[in-house]
Visitor: 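Can you read through this structure? Questions will come right after.
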Amino acid sequence: HGMIDLSTATTVKSADIKSQKKNSFEISTNEMTFLMFADDEKSKDDWIGNVGRSIVRASGTYLQKNEVEDDNNDDDGDDDEGVFENSENHPYFND
């Protein structure tokens, strides 16, 4: 057993076809791809979603929507927590 440093991960995606096994997914870094297996499809989808959000957070190139649009208080009832988007004001995009 070991740990994967998600700050070095670049992608996470389903790998059922590649592995020829159900409920599989892969986490890739620039150097290596890790093949993982979940107990069921829901668990696989949960893993892919959670790892994907971790990759986005660790990348530093995206900000939470509510941090980007503080002054745009829309009361549409939508829960914007956990929604990430590209920020026009982020230094990464304004070299």
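This one's a predicted model, so the numbers in the text were calculated from it and none came from an experiment.
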Visitor: Do the side-chain N and O atoms of D46 and S43 include a donor-acceptor pair separated by under 3.5 angstrom?
Guide: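 Result is no, nothing qualifies.
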Visitor: According to a 4.5 Å side-chain heavy-atom criterion applied to Ile, Leu, Val, Met, Phe, Trp and Tyr, with indirect links allowed, do V12 and M32 form part of one hydrophobic cluster?
Guide: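 Yes, because V12 and M32 connect within a single hydrophobic cluster, where side-chain heavy atoms sit under 4.5 Å apart.
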Visitor: For F37, which of K21, K22, K44 qualifies under side-chain contact (heavy atoms from CB on, under 4.5 Å)?
Guide: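 Single pass found, and it is K21.
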Visitor: Looking only at heavy atoms, what is the nearest atom pair of V51 and I27, with distance?
Guide: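 In this case the closest contact between V51 and I27 is CG1-CD1, 4.0 Å.
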Visitor: About how many Å separate OG of S14 and CD of E41, when rounded to the nearest 0.5 Å?
Guide: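 So the gap between those two atoms works out to 8.5 Å.
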Visitor: Can you name the nearest heavy-atom pair linking S24 to D16, along with the distance?
Guide: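 Distance-wise, the nearest heavy atoms are N-OD1, 2.8 Å.
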Visitor: Would you kindly confirm whether V56 and L6 end up in one hydrophobic cluster when ILVMFWY residues are joined by side chain heavy atoms under 4.5 Å apart?
Guide: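 As far as the 4.5 Å side-chain criterion goes, L6 and V56 are not connected within one cluster.
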Visitor: Taking side chain as C-beta onward, heavy atoms only, is F25 less than 4.5 Å from D45?
Guide: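 No - every pair of side-chain heavy atoms lies 4.5 Å or more apart.
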Visitor: Tell me whether I55 is reachable from M36 by hopping between hydrophobic residues (I, L, V, M, F, W, Y) whose side-chain heavy atoms are closer than 4.5 Å.
Guide: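 Yes, same cluster.
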Visitor: Mind checking whether I48 and L35 sit in one hydrophobic cluster, side chains of I, L, V, M, F, W, Y counted as touching below 4.5 Å?
Guide: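 Result: no, two separate clusters.
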Visitor: Within the distance-only criterion (no hydrogens, no angle test), does the side chain of T10 pair as donor or acceptor with the backbone N or O of S28 below 3.5 angstrom?
Guide: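 Yes, T10 side chain to S28 backbone: donor-acceptor pair under 3.5 Å.
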Visitor: Just how far is it from atom CD of E31 to atom OG1 of T8, taken to the nearest 0.5 Å?
Guide: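 Going from CD on E31 over to OG1 on T8, the span is 7.5 Å.
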